[in-house]
Amino acid sequence: MMSKIHHLLSSAALLGMIAASPAMAEEAQTQASVAPGEIVVTAQRRSERLQDVPLAVSAISAQQMTTGGFQKLSDLQYQVSGLQFGSSPNDSGYRLRGVGTAGGFSSASEQNVGTVVDNVIIPFGNPVNSLGDLERVEVLKGPQGTQFGKNASSGVVNITTAKPRFDRVSGKVFASYGSLNEINTNAQLNLPTSENSAIGLFGFYRQNDGYLYNATLKKYWGDEASYGGRAKFFYQPSDDFSVYIIGDYSRTSTRSPGQLWTINALPSFANPLMAARFGNLTSLGITPGFNNTQSAENTDGWTSERNYGASIEINKKLGGLNLTSITAYRGFIQGAAQFGIDGSSVTVFQAQPTAQHQSFLSQEIRLTSPSGSKLEYTTGVYGSRRKTGNPGDYNRAQLLPANPFSAFYVNISSGQANTQTRSDSLAAFIDGKYHVTEKFSLLGGFRYQYDWVKASFQSIIDPNYAPGTLVNGVFVTPYTPVALKTGSTAKGGWSGKAGAEYKVDRDLMFFGTIARGYLGPTVAFSGLSGTGTNVKPQTVRDITVGFKSQLFNRAVTFNASAFFDKYTNLQTSVFNGVEFLTENAGGFEAKGFEFDARWRVSPEFSLNGGLTYSDTKFTDYVTACPAVLKAGLTCYTQNGTALLQAAGEPLSGAPKVSFTFGADVKLPINDKLAFDWSSNVYYRSKVQYDVGNALSNQPGYYTIGLNTGIGAPDGGWRVGLFVRNLLDQRFHASVIGLPFSDPGGEVNWLTREGRRTIGVSATAKF
């Protein structure tokens, strides 16, 4: 069966290289019909005015992002309400309406919120590490599986970078310097090679120093250095045919571990072992608490990752239809690392994983009808193969459970552990709109997919920590490597939507949809112990009703929607005190409303904002009883294990309220100078990161960003000042229980954004 899939993917890729198409003429026509200040998006895989798309969509241009002093795609969360980006394993990747990826350290974690870059679905990593060549970002809320597949059951972040142009040689250079020795530089070059072809080149470098002081090692952690580039070739010999080739590479490294932990709360010292491990914090100058920015961890660390890929989009117009083929490959290497997660200056836990590899091959072929026809549709087929782990990829971890009273190693990974997963997927889809009248249209879509997943786990003796040997004078307790474990699953499932839209006129539209999202099954083995779980498919039923409006000659845009989402078998992560495991939660609901608004007060002054209210709760979720239970909750014992039925508790990491508000001013000083000023306010309400835990909370917070400068009225050059997190609001990536400790231990997972940054910037264009 796998050989047949490989043959189908290869055949589809060959077909894609022979024929396909975008909607170049359609896009030009759409752009020509757009009034000043309006936004064109491709949320439905065709160019449309944002106001004509019957979905809950937020769109933001690259200029809007950079005017706030933002530098990374993850910063998008501070300008789009309801969007979050997590950097800890139990809250990783994007979230929408409180729901996102929470796969822990699983070998087979899939995305709930998909990321799409230049029409390519990205299953892991982030190929956009700099904003320098972005054109726009669209955030589609709610299930989008009919067009974007299984990694879009809760929404999509759709990213479009700048396409090479044929008209002239042009370029841009940007540089900024800020707090913590933050350097951000990028350069972009557009180079026509003929009257119908052009090359686009982009490169960047970014770095910052550490912000978490390690009092034991007497050094700062949290540094980062990143560099990379993107090359593009666009060839369009006629309006009926085009070829678009993109290749990218980026590398990020740190001289500190990825687990940036500080002690939030200590366990009771009634246990002499806890007193021995944490009794020296005062002498180190460390005060546990939410605002603690100093670590006592004595295990130094480092991390690195490489992200690379290529895609070819070939386009062919067939009469009134557009045939599009996209062939893509992505690779991701998480480099060898070292870290400890015990929070103590006494070694309790340490890990030394080797490089971890992932790869992804995808092929999509779709046919798109002309815009404006009675029946508008996009239909196609999609195939992919994802591989996680190579034979030489190993996780290695050791525990000293009685240290400092009795030093001996327990090899909790049973030596060197290897986990591998291969996921194959085939799908067919159709999505469209039928215009019953000029004002009323019916909406519909359907996607069927079939997934094959194979996973394995085994371990071998770690030569550095062989059983029964002494390592630095410490005895390694005997252990037996784990024999090969395998697991597999094969299952089909569907996504779909149905709805209607009613256009009162060009400036007012009402819409309503009911959609089903689907995230396929998987087999997960944890990276350390090899604990295996068969993870069932996750489904969501979404009901969304809303309207889109423009007032006062389109000076004011106000779009709003209400939603009700019901999840079954939510795929999430559970921390068992040693590691994160991917499991199913029984049930979960999210309901609320959201809106986006813009007001062009004058050509020189504009306001924008958005708000999302999302009330989330588990309807059925049995999990391990937390060490410190919230008031009003009760645990029970089953087969000797303390469990909690968490029905009624909010989803971990999900705020009830988030909003953004911004203002932009641009004033001419004279015919050679212009002044600009922009501000952005972001608010997120309280969240809990460990279900039922009384201590794992992040209080509500808000941040303020400012950016001001002067430059040429045409944007040819600019110098400016910026500040992010003006009031130095402290917030964290996560607050979770301290592993390997008695109840009461809690840690803060620090993030760079939880620090004020002040800087200067300069831009030049030609």
Side-chain angles (χ1 to χ4, degrees), residues 9-33 40-48 116-122 127 133 135-136 138 147-149 158-167 190-200 230-248 309-330 361-373 375-384 427-432:
L9 287 174
S10 301
S11 301
L14 179 60
L15 177 60
M17 295 181 181
I18 295 174
S21 125
M24 242 71 68
E26 176 188 316
E27 183 172 348
Q29 181 181 2
T30 302
Q31 294 279 8
S33 65
V40 173
V41 298
T42 55
Q44 298 186 111
R45 300 298 183 100
R46 65 173 72 235
S47 295
E48 302 172 281
V116 178
V117 180
D118 291 326
N119 282 321
V120 175
I121 295 172
I122 309 297
D133 69 338
E135 185 175 289
R136 69 179 180 277
E138 304 157 19
Q147 292 215 40
F148 294 99
N158 188 27
I159 301 157
T160 302
T161 65
K163 185 177 289 184
R165 299 169 59 97
F166 309 146
D167 52 356
N190 183 82
L191 185 64
T193 52
S194 71
E195 63 180 8
N196 52 29
S197 65
I199 291 174
R230 186 178 293 109
K232 311 172 189 178
F233 175 71
F234 183 46
Y235 174 58
Q236 186 184 354
S238 69
D239 290 341
D240 296 339
F241 181 75
S242 73
V243 178
Y244 190 21
I245 302 173
I246 304 174
D248 68 271
S311 65
I312 176 169
E313 179 179 334
I314 307 175
N315 309 293
K316 176 63 181 171
K317 194 166 186 178
L318 305 175
L321 300 175
N322 292 308
L323 182 64
T324 302
S325 169
I326 302 169
T327 307
Y329 175 82
R330 300 297 314 169
L361 172 67
S362 64
Q363 173 64 50
E364 181 174 14
I365 299 176
R366 63 176 184 260
L367 191 68
T368 305
S369 67
S371 292
S373 55
L375 175 63
E376 296 179 351
Y377 64 86
T378 298
T379 185
V381 293
Y382 181 85
S384 67
F429 62 92
I430 185 169
D431 188 90

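Numbers for residues simply follow the sequence, beginning at 1.
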Check this for me: does any side-chain nitrogen of one of Asp239 and Lys317 sit under 4.0 Å from a carboxylate oxygen of the other?
no
With a 4.0 Å cut-off, would you call Asp248 and Arg330 a salt bridge?
yes
Without hydrogens or angle criteria, can the side chains of Arg46 and Ser371 be said to hold a donor-acceptor pair below 3.5 Å?
yes
Please determine whether a side-chain nitrogen of the Lys or Arg among Lys163 and Glu313 lies less than 4.0 Å from a carboxylate oxygen of the Asp or Glu.
no
Do Pro164 and Phe233 have side chains that approach each other closer than 4.5 Å (heavy atoms only, starting at C-beta)?
no
Are the side chain of Ser242 and the backbone of Tyr235 linked by a donor-acceptor contact shorter than 3.5 Å?
no
Would Phe166 and Phe234 count as a close aromatic pair, with their ring centres under 6.0 Å?
yes
Is it the case that Thr160 and Glu135 place a side-chain donor and acceptor less than 3.5 Å from each other?
no
Should the pair Asp431-Arg45 be classified as a salt bridge under the 4.0 Å nitrogen-to-oxygen rule?
no
Looking only at side chains, do Asn196 and Ser194 share a donor and an acceptor under 3.5 Å apart?
yes
Residues Arg136 and Thr42: side-chain donor-acceptor under 3.5 angstrom:
yes
May I ask you to say whether Glu364 pairs ionically with Arg366, meaning some side-chain N is under 4.0 Å from a carboxylate O?
yes
